[in-house]
Amino acid sequence: MTEKPLILVTNDDGISAPGIRTLISIMNTIGEVVVVAPDSPQSGMGHAITLDSTLYAERVYMDDGPQIEYSCSGTPADCVKLAIRELLDRKPDLCVSGINHGSNSSINVIYSGTMSAAIEAGIEGIPAIGFSLLDYTWNAHFEASKSYVKTITEQLLNNGLPNDIVLNVNIPNILKEDIKGIKICRQAKANWVEEFDKRKTPQGKDYYWLSGKFVNLDGGEDTDEWALEQGYVSVVPIQFDLTAHQFIKTLKTWNLND
């Protein structure tokens, strides 16, 4: 690559979140950076897109870095779509999303706005990575993440990715000296056991707060959950073809044409 790679940066925690500010600073050492990120938190939005309201994108100046930044009124997936179709003068060489405040390992990838932005880029044929730190607090410390984010990004730019695959990277919330390295993993089989806290408004109308417990159902030592518990950065290649190819042959034996 004779010119600096064009890197699209986005997230789901909002353009002012410490995680994306850290990611921007890392990407500025690698390439030409354009940021298109939500103007407010969009965690848990999954792959939602805006269909029934107006989208806005405003040029903003968040710090004195060399990047160009836009604050978008939409979802993370909206941000990527708008960036590619309207805001960028050429197709990005890479899209990075994050650094998310909280885990996107295992089943969390389904609900994640961070990963949906990366997947949206992948759908457009752009190599993409979603980065997450296992710390949900706003004042999370991202210092230990920096070298791993840079290494994985540079390796992707050097080696490329197959079409239709993006990387899901999760970083344990421990000191840098305690991180053991990087593990290439599969997604653990796990799920959330949800509970709803039912309450009443002063007018007597029921309302609910969602809560729940994360349950890891996978005892394998090749999963993202295992790697993170052992102090490794987990890297999972994910795909957005949801076809259960192994079941097609069996499904063809069903009597569906009568």
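Values below: every heavy atom of this structure, side chains too, minus hydrogens, waters and symmetry copies.
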Could you tell me whether [X] and [Y] have a side-chain N and a carboxylate O separated by less than 4.0 Å?
{"X": "K81", "Y": "E120", "value": "yes"}
{"X": "R199", "Y": "D206", "value": "no"}
{"X": "K183", "Y": "D222", "value": "no"}
{"X": "E225", "Y": "K189", "value": "no"}

Would you compute the distance between atom [atom1] of [X] and atom [atom2] of [Y] and round it to the nearest 0.5 angstrom?
{"X": "E154", "Y": "I26", "atom1": "CD", "atom2": "CD1", "result": "10.5 Å"}
{"X": "E58", "Y": "S73", "atom1": "CD", "atom2": "OG", "result": "10.5 Å"}
{"X": "D78", "Y": "Q42", "atom1": "CG", "atom2": "CD", "result": "8.0 Å"}
{"X": "S25", "Y": "D63", "atom1": "OG", "atom2": "CG", "result": "9.0 Å"}
{"X": "S106", "Y": "F214", "atom1": "OG", "atom2": "CZ", "result": "4.0 Å"}
{"X": "L161", "Y": "L167", "atom1": "CG", "atom2": "CG", "result": "4.5 Å"}

With distance as the sole test, does [X] use its side chain to make a donor-acceptor pair with the main-chain N or O of [Y] at under 3.5 Å?
{"X": "S116", "Y": "H47", "result": "yes"}
{"X": "T50", "Y": "S53", "result": "no"}
{"X": "N108", "Y": "S105", "result": "yes"}
{"X": "T223", "Y": "A188", "result": "no"}
{"X": "R85", "Y": "V80", "result": "no"}
{"X": "N168", "Y": "I129", "result": "no"}
{"X": "N158", "Y": "Q155", "result": "no"}
{"X": "N170", "Y": "N104", "result": "yes"}
{"X": "D178", "Y": "I174", "result": "no"}
{"X": "D93", "Y": "L6", "result": "yes"}

Test of understanding: clusters of I, L, V, M, F, W, Y form through side-chain heavy atoms closer than 4.5 Å, transitively. Do [X] and [Y] belong to the same one?
{"X": "M27", "Y": "V169", "answer": "yes"}
{"X": "V109", "Y": "I123", "answer": "yes"}
{"X": "F131", "Y": "L228", "answer": "no"}
{"X": "M45", "Y": "I107", "answer": "no"}
{"X": "L88", "Y": "Y70", "answer": "yes"}

Between [X] and [Y], is any side-chain donor less than 3.5 angstrom from a side-chain acceptor?
{"X": "D224", "Y": "S234", "result": "no"}
{"X": "D39", "Y": "S71", "result": "no"}
{"X": "E32", "Y": "N28", "result": "no"}
{"X": "N139", "Y": "T137", "result": "no"}
{"X": "S211", "Y": "D197", "result": "no"}

Can you name the closest pair of heavy atoms from [X] and [Y] and give their distance?
{"X": "V166", "Y": "A118", "value": "CG1-O, 3.7 Å"}
{"X": "E69", "Y": "R59", "value": "O-CD, 3.3 Å"}
{"X": "D12", "Y": "P76", "value": "CB-CG, 3.5 Å"}
{"X": "V236", "Y": "Q187", "value": "CG1-N, 3.9 Å"}
{"X": "S97", "Y": "L23", "value": "C-CD2, 3.9 Å"}
{"X": "H141", "Y": "D135", "value": "N-OD2, 4.3 Å"}

[X] atom [atom1], over 12 foreign heavy atoms within 6.0 Å:
{"X": "K200", "atom1": "NZ", "answer": "yes"}
{"X": "Y56", "atom1": "OH", "answer": "no"}
{"X": "E194", "atom1": "CD", "answer": "yes"}
{"X": "Q230", "atom1": "CD", "answer": "yes"}

On the six-membered ring of Y208, is K198 placed so that its NZ or CZ lies under 6.0 angstrom from the centre and within 45° of the ring axis?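 No; the conditions do not both hold, so K198 does not lie above the ring face of Y208.
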Do [X] and [Y] have side-chain heavy atoms sitting under 4.5 Å apart?
{"X": "P127", "Y": "C95", "value": "no"}
{"X": "P237", "Y": "I165", "value": "yes"}
{"X": "L217", "Y": "N191", "value": "yes"}
{"X": "E229", "Y": "N216", "value": "yes"}
{"X": "M62", "Y": "V35", "value": "no"}
{"X": "V36", "Y": "T10", "value": "no"}
{"X": "D13", "Y": "S43", "value": "yes"}
{"X": "T243", "Y": "I248", "value": "yes"}

What do the steps show when you test V34 against L87 for side chain to side chain contact (heavy atoms under 4.5 Å, CB included), and what is the final call? CA-CA 9 Å; V34 177; L87 301 177; 5.8 Å; no
Passes side-chain hydrogen bond (donor to acceptor under 3.5 Å, both in side chains), T114 versus N11? Steps please. CA-CA 5 Å; T114 297; N11 75 341; over 6 Å; no
Audit row: V9, I24, side chain to side chain contact (heavy atoms under 4.5 Å, CB included) steps and yes/no: CA-CA 7 Å; V9 179; I24 292 164; 4.0 Å; yes
V149 and side-chain contact (heavy atoms from CB on, under 4.5 Å): which single residue from V233, V96, L133, I171 fits?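 Going through the options one by one, the only one that passes is I171.
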Run the side chain to side chain contact (heavy atoms under 4.5 Å, CB included) check on Y148 and I182 step by step: do they pass? CA-CA 8 Å; Y148 295 101; I182 296 172; 3.7 Å; yes
Begin with the C-alpha distance, continue with both residues' side-chain angles, and end with the deciding distance and a verdict on side chain to side chain contact (heavy atoms under 4.5 Å, CB included) for S112 and N100. CA-CA 9 Å; S112 167; N100 190 63; 5.6 Å; no
Aromatic contact, F142 with H101 (centres under 6.0 Å):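 They qualify: ring centres under 6.0 Å apart.
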